[in-house]
Colleague: 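The structure's right below; bear with me while I get my questions together.
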Amino acid sequence: QVQLVESGGGSLQTGGSLRLSCAGSGYTFSIYCMGWFRRAPGKEREGVASIASLSTDYADSVKGRFTISRDNAKNTLYLQMNSLKPDDTAMYYCAAARGLYDCNLDTRYIHWGQGSQVTVSS
């Protein structure tokens, strides 16, 4: 059974940095696409970043500020977030999709974590 557990969220001020982690278990982590998504209050869920084995993809709103990475030895996904803005305030979810292809397609993701809240104040 695929399980994903996020950690590392919190509250901080504009311009700060935060690193989210997502620990995966119950599956072969290395052969799954991994992605970060977020849902802000009153808005639809949006894809933030995704990663295959090495290739990555980012939403335009976070390019140059966020970095997605994975450590297959630790079954862990990361999202380094720098230069945070109030618009980044959201619940952040990690997700997994079997097979290292089309990792930038949001509809492929069927396994989800419980979310980690990030709040950025001005």
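Residue indices begin at 1 and follow the sequence shown.
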Colleague: Can I get a per-line list of side-chain donor-acceptor pairs under 3.5 Å for residues 93-106, giving both atom names and the distance, sequence neighbours left out?
Modeller:
| from | atom 1 | to | atom 2 | distance (Å) |
| --- | --- | --- | --- | --- |
| Y101 | OH | R108 | NH2 | 3.2 |

Colleague: Residues in side-chain contact (heavy atoms from CB on, under 4.5 Å) with S11, at least two apart?
Modeller: T119
Colleague: Suppose we screen for side-chain contact (heavy atoms from CB on, under 4.5 Å). Which residues come up paired with Q3, at least two apart in sequence or across chains?
Modeller: S25
Colleague: Check side-chain contact (heavy atoms from CB on, under 4.5 Å) between T76 and all other residues, then give those that pass, not counting sequence neighbours.
Modeller: S21, K74, Y78
Colleague: Can you list every disulfide bond (SG atoms under 2.5 Å apart) pair that touches residues 44-81, not counting sequence neighbours?
Modeller: none
Colleague: Could you pull out all residues at least two apart from S55 that satisfy side-chain contact (heavy atoms from CB on, under 4.5 Å)?
Modeller: A52
Colleague: If every non-hydrogen atom of S121 is compared with every non-hydrogen atom of P86, which pair is closest and at what distance?
Modeller: C-CG, 4.4 Å
Colleague: Residues in side-chain hydrogen bond (donor to acceptor under 3.5 Å, both in side chains) with K63, at least two apart?
Modeller: D60
Colleague: List, by chain and then residue number, the residues other than F66 in its hydrophobic cluster (Ile/Leu/Val/Met/Phe/Trp/Tyr, side-chain heavy atoms under 4.5 Å); write none if there are no others.
Modeller: V2, L4, L12, L18, L20, Y27, F29, I31, Y32, M34, W36, V48, I51, Y58, V62, I68, L77, L79, M81, L84, Y92, V118, V120
Colleague: For R65, give me all partners under side-chain hydrogen bond (donor to acceptor under 3.5 Å, both in side chains), at least two apart in sequence or on another chain.
Modeller: D88
Colleague: Going by side-chain hydrogen bond (donor to acceptor under 3.5 Å, both in side chains), name the residues that satisfy it together with D87, two or more places apart in sequence or in a different chain.
Modeller: none
Colleague: Mind checking what makes side-chain hydrogen bond (donor to acceptor under 3.5 Å, both in side chains) contact with S17, not counting sequence neighbours?
Modeller: N82
Colleague: Hey, could you give me each pair passing salt bridge (charged side-chain N to carboxylate O under 4.0 Å, His left out) that has a residue in residues 39-57? Not counting sequence neighbours.
Modeller: R38-E46
Colleague: Of all heavy-atom pairs between Y109 and W112, which one has the smallest distance, and what is that distance?
Modeller: O-NE1, 3.4 Å
Colleague: Quick one: closest heavy-atom pair of S7 and S116, and the distance?
Modeller: C-OG, 4.1 Å
Colleague: When rounded to the nearest 0.5 angstrom, what distance separates NZ in K85 from OG in S61?
Modeller: 8.0 Å
